[in-house]
Amino acid sequence: MRFLQTGCAVLLLPYTYTVFKSIFLNTLLSWLLLLVVGPVLAQGPLFTNGDGPEQDCGLTLSGKVLDHDTREPLIGATIYIEELQRATLSDEYGNYHFHHLCRGSYTLKLTYIGYVPEQPSLRMASSTVRNLTLHLDTRQLSEVEITGNRLAEEAQSTGSLTGRQLESTRGLSLGESLKNISGMSTIQTGPTISKPVIHGLHSNRILLLNNGVRHEGQQWGSEHAPEIDPFVASELKVVKGAAGVRYGADAIGGVVIVEPSALPDSAGVGGELNLLGSTNNRQGGVSATVEGKATRLSAWSWRLQGTAKRAGNARTADYFMQNTGLQELNFSGALGYKKENFGAEAFYSQFNTKLGILKASHIGNLTDLENAIGRERPEQTSYDFTYAIERPYQDVTHHLLKTKVFWDTGSAGKLEFVYGLQRNIREEYDAHRASGSNPELTLDITTHTTETVWEHTPAGNFSGSAGITTLYQNNTYQGRYFIPFFRNFTAGTFVTEKWRKDKLQLEGGVRYDYKKLSITKRERNSDIIRPEYQFHNVSGTLGALYDVGYHLTFGLSATSAWRAPGANELFSDGVHHGSASYERGNRDLNSEQAYNFEGSVTYYANPRLNGKLSVYNNFINEYIYLAPVQPPTLTIRGAFPTFEYKQADAVFRGVDLDLEYKFTQQLYLESRTSIVRATNLNLDDHLVGVPADRYSNMLRYEPLAALGKLTDSYLALGGTYVAKQTRVPTKTEQDYMDPPAGYFLLNLEAGTTLRIGNQPVELGITGSNLLNTSYRDYLNRFRYFTDDMGRMLLFRVKLPLDFSTR
Amino acid sequence: MKKLLRPYLAFLLMGALLTTTACGDDDGPGPDEEGEVITTVMLSLVPEGKGQNATATISTLSGSPVQNGPLTLKANTVYNATITLADDSKTPSVNVTNEIKQKTNEHLFVYTFTPESGSNASVGVEIKDRDANNRPVGLETTINTGPNTGAGKLRVILKHQPGGIKTGTNTTAGETDVDVSFNVIVN
């Protein structure tokens, strides 16, 4: 919910230029600023200047605040007397007053959005009239052109984590971090594997954009967690709902954007060191970044970053879960060359992880699964803690090499080219009697992507871009069969335009994609078959945003995206470990096409209540899902229920609600609600595995002033309630266990910054499930076997580093 | 962690990233390498005293489990039975029975006979062999038939119970490696 606050701060800054002519909006601004300074006013004089105000304390300081060049009065400018910690705002004629001042020297801090702050000093011996002038900030004016007006970047809803909100998720996986955005949940496989879910859709229905390159691994598997180190990111952003036009095929449910901060543009060498430690799974971690630029004029800048993490068996409220440790070692390096009109960047990252899989989830057949469901706690040989990871486990390595070149032609716009090379090697080690040291399955996929985008110079009220993207992929495996060898070539071209004037923004775009999938598969009778598939589709987007005034914006969007069936959906054939089902591909599947309609209302920049309500309806034509079929498959381990990929029209509709209520400037309530309903329209039945209703409320306290030596302190306490999923398929048998009961988790966040000498040290604690509630989540695939994690306290220390010689 | 902490390998791996991207897959995938499968379960019964030996085999080599013919037993007879398991999908065939013999502490066979409806046949199975902890294993059994003739199914379940979860009496613990039913006729 902090997005509203930061949103206001960020969005308001550039607006002022266009805004200050409107009396109404100025009043709004005044209110907002008064809110900021209100509590300061209330605190009264805390200390006085050294040279001492004398007893005469009936003086008045007054005057006008003016634009230096135009001499127009500035309405709602803040005038703050540092020594007295008193502030006021200029009124609708630009006038300001301070009464009951004592004699003495004062420093005024004069701020007005869009103008360069000033700090005039004055000595008061008697009541004084003084006009104050401010200079227009040209740097911010240029931002005006970028952000334009009060309207958001796009009509489609987005959510993001930055700054403190992102900091408080450090140490968690990407999926868990993103849960702090409304409309998001996770699909989990035990405590170590967590994948983001946007509006009920996940895996190969959402797209991950890592550092500008679409993340390609074995993302179709719900137990394949994204191979991305969240420490790389300075922003995690989510585009909710189909977004195929800009981001390409597969973005049916939405897009997760992992954005690192830009390479340094000021001279010097700096960085940060993060240390992590947690209770429960006794996770320890360290992440460090060093970055620099030789001189102010040098075009070269660089960054090195690395993260190491290790955790042992996670604990539920009552017991340790055997073999649920994890190890992670990631590093990346970036080198940039940037001139005013030309730049290039190279980035390499490597992600390595070893993930233990709960021992008790390794089952032989349906009877074993039913026995497991019947058990209070997992059957395991040891209830101890250990860091050791045994079979079954996954070992995954992901490489990303990215190069980017841009050329700003000036009048013709900006041209950008990105090439990405990724290799993902996934080794799965099963727990069999006669396992050697080799993995039972190794999947190896290499992906080349290119993106060429031309962003034209804004012309009139139009801005936009056009581009061409390509992707070439080669997948091979060794060991037991899961998916075939395949080569995938995809090419797409798009154009998007935005028209923006005053309070209205209209946007539209269209995209065409072609995909060729060439399969090489060894059939059961050892014949090699080489079927080829071709898909091509058009996606479109239309959006409108309108600022009606009264602190209200309305947004409407219609977006679409498509997805070709994956190799697993076409060709899987075998028993799915852990779910006691036989999964069979369907070689005749067509592509899915999603049409997402969304309406939103944003109520912003109000003194107390702010929020956003978004209602969406994502219609998916030929949605691919696993449907139970008869008869069960007989194997040497007994009969397995059999599922085959089928297609039906489906709809995912729901509501996301973000609210923020300020009790005082320091104390406020954040509330998030995510509700999604999914229906198989052909069967008129619910879909399986849809997130239950989720409500999250947090009371935050952030003292405005420093507490002794502690600055930037905060404390937040709240909870998340997840209801029981009562909407499950009733017409077919899709699940072996009723959805688990709803649950409430009490959570806490706290942090502060202290200084040791010149070195700031940021400390933070994130506590989850403080009441040590034992619960199971419907979207955790291991809910058949074990409870979810119990109480966990995650401690963080962050040291921002500056090696520059000053 | 040893595997992960090899940063010096980074450059090698980065090289791997660059060099292996053009590898061909023209030969297609090799034969399916299931880690360990059991494709064949054979029961061999030798009567105490006079009588015919009886055997039956269930094999999954052609897909679903198929029994080569019914296991034909004589009423009122005591048989000494052995069970053998093999992976015949490999060449040469892998004798899984030996692997079980080496780890009898982790394995338990469960035998249950269910007569067909209308049949009064009865077949009792008693496990003879013991593991190091003196708990039943089930590779060797005594099978005795009752006085009534008829048909039924003899279900054989092999439980893998590693890490000390075997108690000898808990037939639900662990992972099921085999679950097959033999067609039995008692004459």
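The sequence lines fix the lettering, A, B, ..., with proteins before strands; numbering per chain opens at 1.
No part of A:E370 comes within reach of chain B, as not one of its non-hydrogen atoms sits under 4.5 angstrom from that chain. Only the side chain of A:T367 comes within less than 4.5 Å of a heavy atom of chain B; its backbone N, CA, C and O stay farther away. For A:R524, no part lies near chain B; criterion is any non-hydrogen pair under 4.5 Å. If you measure heavy-atom distances from B:T39 to chain A, the contacts under 4.5 Å come from the backbone alone. Contacts of A:T635 with chain B are made by backbone atoms alone, with heavy-atom separations under 4.5 Å and no side-chain atom involved.
Residues A:F320 and A:Y383 keep their aromatic ring centres 6.0 Å or farther apart. Two rings, from A:Y477 and A:F485, have their centers less than 6.0 Å apart.
Each of B:G164, B:G163, B:G63 has some count of heavy-atom pairs under 4.5 Å with chain A, and the biggest count is that of B:G163. The residue among B:V94, B:I58, B:I157, B:T60 with the most heavy atom pairs within less than 4.5 Å of chain A is B:T60. With respect to chain B, the highest number of heavy-atom pairs below 4.5 Å among A:K359, A:Q478, A:R375 belongs to A:R375. Of all the listed residues (B:S59, B:G174, B:S64, B:S181), the one sharing the greatest number of non-hydrogen pairs under 4.5 Å with chain A is B:G174.
If you check the side chains of A:E216 and A:Q473, you find a donor sitting under 3.5 Å from an acceptor.
Pairing each heavy atom of B:A173 with each of B:I165, the nearest pair is CB-O, 4.3 Å. Residues A:H448 and A:Y419 come closest through the heavy atom pair ND1-OH, 2.9 Å.
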Exercise. Could you go step by step and tell me if A:R480 and A:D430 meet the salt bridge (charged side-chain N to carboxylate O under 4.0 Å, His left out) rule?
Worked result: CA-CA 11 Å; A:R480 64 175 153 80; A:D430 303 345; 2.8 Å; yes
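Within a 6.0 Å radius of CD in A:E523, more than 12 heavy atoms belonging to other residues, nucleotides or ligands are found.
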